[in-house]
> 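Have a look at this one.
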Amino acid sequence: MTAAITENGGVGGAVAGEFTGDVAGAGSGRSVAPVNGVERVVRVRLSTGHGEFLAVGYRDHALGQEQMLLVHGDIEGERVLTRLHSECLTGDAFGSRHCECGGQLDAALCAITSEGSGVLVYLRGHEGRGIGLLAKLQAMRLQADGMDTVEANIALGLPVDARDYTVAADMLHDLGVRSVRLLSNNPRKGEALLRHGIKVAERVPLLIPPSEENLAYQRAKRERLDHDLPHLDAITEHL
């Protein structure tokens, strides 16, 4: 069973008998009953520089967050190319070179459109690995003074990684997705999906060439947070 973007921004076909023309649309004012704590509220065609997507908005009743995912092409239930992207205002919106988040967002959207189908789940509430925007900026200040990203969170008395992926799995379940090819360098994302009933058929690397500004950050993610970043092996100490 599949879901496809139609010319009017609706959905053709069906995903697990759920994604039909009766789903709340951009102007319907109706929502779909919550599934595992998330309520599908709206869908709308979204034209981007990367291609055409269907934006699907959800309300997470457990955490009170508004969430969104992007669907491109026909979505089968198995082996769906999927990116779980943690919100990063500084990287995604402002192009910060402190991290590679903006580059990963662009690369993931390109990979999905090149594939012809896929899903990008944009996870709000994940700023700074879940510590929030202001705390992330404080952590960045500590990193500028010589701490790595893990040390900075600890110095602030905050969790190293406070992200929860329950809502991501709930939204994927709502789409009828049963297994994914996960665009990620972080094994913990796949483990989290597995705990919530989404199989990971494959983890697809999403490697972004480091810059002088984020080389230390990427190395800390590899050495302290177990991210798979083999491309860093060929990088000299200074770019």
Side-chain angles (χ1 to χ4, degrees), residues 2-7 9 11-12 15 19 43-58 67-124 126-127 129 163 165 168 171-172 175 177 179-190 192-193 198 200-215 217-218 221-222 227-235 239:
T2 65
I5 301 173
T6 60
E7 290 184 0
V11 178
V15 176
F19 232 112
R43 61 176 188 183
V44 63
R45 186 187 182 100
L46 188 68
S47 181
T48 78
H50 296 284
E52 299 296 317
F53 292 87
L54 185 71
V56 187
Y58 291 84
Q67 299 287 359
M68 186 180 81
L69 57 77
L70 298 179
V71 179
H72 179 76
D74 294 343
I75 301 302
E76 303 286 349
E78 304 290 345
R79 297 180 59 83
V80 178
L81 188 63
T82 301
R83 167 70 178 167
L84 306 185
H85 191 84
S86 295
E87 175 184 29
C88 177
L89 178 65
T90 51
D92 298 341
F94 302 135
S96 168
R97 295 180 180 177
H98 175 81
C99 63
E100 78 278 34
C101 298
Q104 287 186 319
L105 180 59
D106 285 341
L109 291 170
C110 284
I112 288 169
T113 53
S114 295
E115 178 86 1
S117 65
V119 177
L120 185 136
V121 182
Y122 194 86
L123 291 162
R124 302 186 66 217
H126 278 204
E127 191 75 59
R129 296 194 303 275
R163 290 174 293 182
Y165 297 96
M171 289 188 285
L172 291 172
L175 290 182
V177 173
S179 71
V180 299
R181 292 164 52 228
L182 187 62
L183 282 161
S184 180
N185 309 316
N186 183 357
R188 298 178 189 179
K189 287 186 178 181
L193 286 181
I198 302 290
V200 179
E202 179 185 2
R203 187 156 52 82
V204 181
L206 196 62
L207 304 176
I208 306 300
S211 65
E212 182 178 357
E213 294 90 344
N214 66 39
L215 177 58
Y217 176 73
Q218 289 202 47
K221 291 207 300 184
R222 181 180 67 174
H227 288 219
D228 290 332
L229 299 171
H231 66 309
L232 298 184
D233 293 337
I235 305 298
L239 293 176

> Answer yes or no: are there more than 12 heavy-atom neighbours, outside Arg181 itself, under 6.0 Å from its atom CZ?
yes

> Rounded at 0.5 Å granularity, tell me how far OG1 in Thr82 sits from CG in Leu69.
9.5 Å

> Taking salt bridge (charged side-chain N to carboxylate O under 4.0 Å, His left out) as the test, write out the residues that go with Asp228, two or more places apart.
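Listed in chain order: Arg203.
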
> Starting from the C-alpha separation in whole Å, work towards a yes-or-no answer on side-chain contact (heavy atoms from CB on, under 4.5 Å) for Thr48 and Leu109.
CA-CA 10 Å; Thr48 78; Leu109 291 170; 5.6 Å; no

> How far apart are the closest heavy atoms of Leu84 and Leu182, and which atoms are they?
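For Leu84 versus Leu182, the nearest heavy atoms are CG-CD1, 4.0 Å.
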
> Residues in side-chain contact (heavy atoms from CB on, under 4.5 Å) with Ala107, at least two apart?
Leu206, Ile208

> What pair of heavy atoms forms the shortest contact from Pro210 to Leu232, and how long is it?
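The answer is CG-CD2, 3.9 Å.
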
> Is there a side-chain contact (heavy atoms from CB on, under 4.5 Å) between Lys221 and Asn214 once you walk through the steps?
CA-CA 11 Å; Lys221 291 207 300 184; Asn214 66 39; over 6 Å; no

> Give a yes or no on whether the backbone of Pro209 and the side-chain of Glu100 come within a donor-acceptor separation of less than 3.5 Å.
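It does not hold such a pair.
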
> Return each pair, listed once, that meets ring pair (Phe, Tyr, Trp, His ring centres under 6.0 Å) where at least one residue sits in residues 90-110; pairs must be two or more places apart or across chains.
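As it turns out, the ring pair (Phe, Tyr, Trp, His ring centres under 6.0 Å) pairs with a partner in residues 90-110, which skip direct neighbours, are His98-Tyr217.
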
> Check Cys99 against Cys88 and note the closest heavy-atom contact, atom names and distance.
SG-SG, 3.8 Å

> Does any non-hydrogen side-chain atom of Leu120 lie less than 4.5 Å from one of Leu183?
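The answer is no; the side chains never approach within 4.5 Å.
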
> Just how far is it from atom CZ of Arg79 to atom OG of Ser179, taken to the nearest 0.5 Å?
7.0 Å

> Got a second to check how far Glu52's CD is from Arg45's CZ, nearest 0.5 Å?
4.5 Å

> Set out, in order, the CA-CA distance, both residues' side-chain angles and the distance that settles side-chain contact (heavy atoms from CB on, under 4.5 Å) for Arg188 and Arg163, then state yes or no.
CA-CA 10 Å; Arg188 298 178 189 179; Arg163 290 174 293 182; over 6 Å; no

> Report yes if some heavy atom in the side chain of His72 is under 4.5 Å from a heavy atom in the side chain of Leu70; otherwise report no.
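Contact flag for His72/Leu70 side chains = no.
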
> Which residues pass the ring pair (Phe, Tyr, Trp, His ring centres under 6.0 Å) test with His85, not counting sequence neighbours?
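Expected list: Tyr122.
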
> Less than 4.5 Å apart, any side-chain heavy atom of Thr90 and any of Cys101?
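Result no, sub-4.5 Å side-chain heavy-atom pair not found.
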
> Can you confirm whether His50 sits close enough to Leu105 that some side-chain heavy atom of one is under 4.5 Å from a side-chain heavy atom of the other?
no

> Taking C-beta and beyond as the side chain, do Ser184 and Gln104 meet within less than 4.5 Å on heavy atoms?
no

> Is Val200 close to Ile198 at the side-chain level, that is, under 4.5 Å between some pair of heavy atoms?
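Sidechains of Val200 and Ile198: no contact.
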
> Can His231 and Asn185 be said to form a side-chain contact (heavy atoms from CB on, under 4.5 Å), step by step?
CA-CA 11 Å; His231 66 309; Asn185 309 316; 5.9 Å; no

> Donor-acceptor pair, distance only, cut-off 3.5 Å: does the side chain of Ser86 make one with the backbone of Leu123?
no

> How about Ile112 and Val119: do any of their side-chain heavy atoms sit closer than 4.5 Å?
no

> Report the residues that fulfil side-chain contact (heavy atoms from CB on, under 4.5 Å) with Ala192, sequence neighbours left out, ordered by chain and then residue number.
Tyr165, Arg195

> Determine which pairs satisfy salt bridge (charged side-chain N to carboxylate O under 4.0 Å, His left out) with at least one residue from residues 82-95, sequence neighbours left out, and list them in order.
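Passing the test, one end in residues 82-95: no pairs.
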
> Using every non-hydrogen atom in the two residues, find where His227 and Pro187 come nearest and quote the distance to one decimal.
CA-CD, 4.3 Å

